[in-house]
Amino acid sequence: MDLYHLLYQSQALGEFDEAALAALLRRGRAHNQAHNITGVLLHTADGRFLQVLEGPKTAVRHLYYHVILSDTRHFHCQVISEGPCAQRSFAGWAMGCRLARPADLRTLLGEAPADDLGLTHRPYPRSQLLALLENFVAQGPVETGQEHALDSQPTRHH
């Protein structure tokens with residue numbers, strides 16, 4: 001299989017409450033399981049999303065470029081990283097979900113205050129960013145849709 005990953009961020013267009021998140025997770029997990037896609041979704045109270053998708057290249061790219069981008073509930077979709085990968089970072093989850101604070105996402109994404117040139121990002125290399133994400137996810141409860149969801153941890157391959 002041509003294993004592929006895609007990491008993106010976006011912003012909710014309107015209020016995205018707990019019920020909306022639960023519905024998104026139900027639909028997303030069913031779709032991902034049917035298409036051999038794994039990953040994790042981070043969500044903040046101010047409506048930011050950061051998601052890692054992993055799986056067959058065609059399935060991952062179709063999900064992002066034809067399904068996620070056409071979802072009118074969010075905007076400012078930005079691919080942070082995509083490409084072939086040797087193994088999955090979140091193999092145990094069709095779509096794990098971890099709540100985060102806005103400051104958590106800024107730290108994970110290497111965002112910094114704008115300098116005199118207007119530059120605001122210090123992006124991490126893909127392997128370093130995935131390691132930071134794995135570490136962040138491991139430090140708190142993750143809702144996976146499984147029976148004891150908050151005690152669930154992904155299968156790690158290092």
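Between Leu21 and Leu24, the closest side-chain pair of non-hydrogen atoms falls below 4.5 Å. A 4.5 Å side-chain heavy-atom check between Leu41 and Leu25 finds at least one atom pair inside the cut-off. Counting heavy atoms from C-beta on, the side chains of Thr44 and Leu99 never come closer than 4.5 Å. Between Leu7 and Leu53, every side-chain heavy-atom pair lies at or beyond the 4.5 Å cut-off. Looking only at side-chain heavy atoms (C-beta outward), His43 and Phe16 come within less than 4.5 Å of each other. Proximity of Val52 to Leu42: side-chain heavy atoms (C-beta onward) are nowhere separated by under 4.5 Å.
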Apply side chain to side chain contact (heavy atoms under 4.5 Å, CB included) to Gln139 and Arg98, showing your working.
CA-CA 10 Å; Gln139 292 178 19; Arg98 168 89 151 68; 4.2 Å; yes
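Put simply, NE2 on His31 and CD on Gln33 are 12.0 Å apart, with the number rounded to the nearest 0.5 Å. The NE2 atom of His76 lies 11.0 Å from the CZ atom of Arg48; values are rounded to the nearest 0.5 Å. Atoms CG and CD1, on Leu6 and Ile68 in that order, are 7.5 Å from each other to the nearest 0.5 Å. Taking CD from Glu54 and CG from Leu3, the interatomic distance works out to 7.0 Å, rounded to the nearest 0.5 Å.
For the side chain to side chain donor-acceptor pair (under 3.5 Å) test, no residue two or more places apart in sequence or in another chain qualifies with Asp17. For the ring pair (Phe, Tyr, Trp, His ring centres under 6.0 Å) test, no residue two or more places apart in sequence or in another chain qualifies with His74. Applying the side chain to side chain donor-acceptor pair (under 3.5 Å) rule to Tyr64 yields no partners; only residues at least two apart in sequence or on another chain are considered. Looking at residues two or more places apart in sequence or on another chain, you find a side chain to side chain donor-acceptor pair (under 3.5 Å) between Arg73 and Asp71. Contacts of Ala23 classified as side chain to side chain contact (heavy atoms under 4.5 Å, CB included), with partners at least two apart in sequence or in another chain: Arg26, Arg27. For Arg61, the side chain to side chain contact (heavy atoms under 4.5 Å, CB included) partners at least two apart in sequence or on another chain are Tyr4, Lys57, Tyr65, Glu82.
Minimum heavy-atom separation, Ala91 to Thr38: O-CG2, 3.5 Å. Taking each heavy atom of Asp46 and Pro102 in turn, the nearest pair found is OD2-CG, 3.4 Å. In this structure, Met95 and Gly28 approach most closely via the heavy-atom pair CE-CA, 3.7 Å. Considering all non-hydrogen atoms of both residues, Leu109 and Leu50 come closest at CD2-CD1, 3.9 Å. The two residues Pro56 and Arg88 make their nearest non-hydrogen contact at CD-NH2, 4.3 Å. The two residues Ile37 and Leu63 come nearest to each other via the heavy atoms CD1-CD2, 3.9 Å.
Hydrophobic cluster membership differs between Leu13 and Leu69, with clusters built from Ile, Leu, Val, Met, Phe, Trp and Tyr side chains linked at under 4.5 angstrom. Note on Leu105: it clusters hydrophobically with Val137, by side-chain heavy-atom contacts below 4.5 Å among ILVMFWY residues. Taking hydrophobic clusters as Ile, Leu, Val, Met, Phe, Trp and Tyr residues chained together by side-chain heavy-atom distances below 4.5 Å, Val67 shares a cluster with Val79. The hydrophobic cluster containing Phe136 also contains Trp93, counting ILVMFWY residues as joined when their side-chain heavy atoms lie under 4.5 angstrom apart, directly or transitively.
A donor-acceptor pair under 3.5 Å is formed between the side chain of Asp104 and the backbone N or O of Arg101.
The ring of Phe49 has its center no closer than 6.0 angstrom to the ring center of Tyr8.
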